[in-house]
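Here's the structure, in structure tokens; my notes come after.
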Amino acid sequence: MDVQTSEDILTGHGVKPTANRIVVLKELAAAERPMSLSELECRILSIDKSGIFRALAVFKEHHLVHVIEDGGDGVRYELCRSRNEGEDDDQHAHFYCERCRHTFCFEDIAVPQVRLPDGYEVCSVNYMIKGVCPDCRRKEGRGMLKVKD
């Protein structure tokens, strides 16, 4: 992703394009899966942890990232495919591998609609499926990983 595309995406979501925000956005766009703050910190050596976190907080506020509670060791951040600052129309299922602790997007599996009782308002949806990914299953088949009881 080039700088102009990054600036256009940020501006389109009502986010002022700063050097740090562009770097964080480009790293999220290049990621093949949702990333934790620690993973981003290891990949982005030019910005400290608090700078990355501040960028992510702004991105969340402007519907530029999904914040995914992975059911394991914390939260992951994923770039939204939506181009709408006011609404997140890019909700899909995620898979958390209990062996390697990676979170994967299942973009072709929509989050099912849930009808809530009167008086409740949905603020976010976290549709997480847990299990073992294909890579870990292959490793288990060769005896490289122990299967949990």
| query | Are Asp48 and Ser50 close enough that a side-chain donor and a side-chain acceptor fall under 3.5 Å? | reply |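 Judged by distance alone, the side chains do pair up.
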| task | Please work out which of the three classes, parallel, tilted or perpendicular, describes the rings of Phe95 and Phe104, given edges at 30° and 60°. | result |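 Plane angle between 30° and 60°, so tilted.
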Give, for atom [atom1] of [X] and atom [atom2] of [Y], the distance between the pair rounded to the nearest 0.5 Å.
X	Y	atom1	atom2	result
Lys139	Cys133	NZ	SG	7.5 Å
Cys105	His66	SG	NE2	7.5 Å
Ile129	Thr103	CD1	OG1	11.5 Å
His102	Arg76	NE2	CZ	7.0 Å
Ile9	Leu25	CD1	CG	5.5 Å
Leu28	Tyr77	CG	OH	10.0 Å

Could you report the tightest heavy-atom contact between [X] and [Y], atom names first, then the distance?
X	Y	answer
Ile52	Leu37	CG2-CD1, 3.6 Å
Ser6	Lys26	OG-CG, 3.3 Å
Glu78	His94	OE1-NE2, 2.8 Å
Cys136	Arg99	SG-CB, 3.6 Å
Lys60	Val65	N-CG2, 3.6 Å
Arg101	Tyr96	CG-OH, 3.2 Å

Name each donor-acceptor pair under 3.5 Å that joins a side chain in residues 108-117 to protein atoms two or more places apart or in another chain, with its distance.
none

| query | Should Val132 and Met128 be counted in the same cluster of Ile, Leu, Val, Met, Phe, Trp and Tyr side chains packed under 4.5 Å apart? | reply |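 Looking at the clustering, Met128 is in a separate group from Val132.
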| Same cluster or not: are Ile47 and Leu45 linked, directly or through other Ile, Leu, Val, Met, Phe, Trp or Tyr residues, by side-chain heavy atoms under 4.5 angstrom apart? |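 In one cluster with Ile47: Leu45, no.
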| query | When you look at Phe53 and Glu41, which way does the side chain to side chain contact (heavy atoms under 4.5 Å, CB included) test go after all the steps? | reply | CA-CA 9 Å; Phe53 182 77; Glu41 184 181 16; over 6 Å; no
| query | Is any side-chain heavy atom of His13 closer than 4.5 Å to a side-chain heavy atom of Phe59? | reply |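 They are not in side-chain contact.
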| Is there side-chain contact between Leu79 and Leu64, with heavy atoms separated by less than 4.5 Å? |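 Yes, their side chains come closer than 4.5 Å.
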| said: Please enumerate all residues that pass salt bridge (charged side-chain N to carboxylate O under 4.0 Å, His left out) together with Arg43, with sequence neighbours excluded. | reply: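 Residues passing salt bridge (charged side-chain N to carboxylate O under 4.0 Å, His left out) with Arg43: Glu27.
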| Results of side chain to side chain contact (heavy atoms under 4.5 Å, CB included) for Glu32 - residues two or more places apart only |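 Listed in chain order: nothing, the list is empty.
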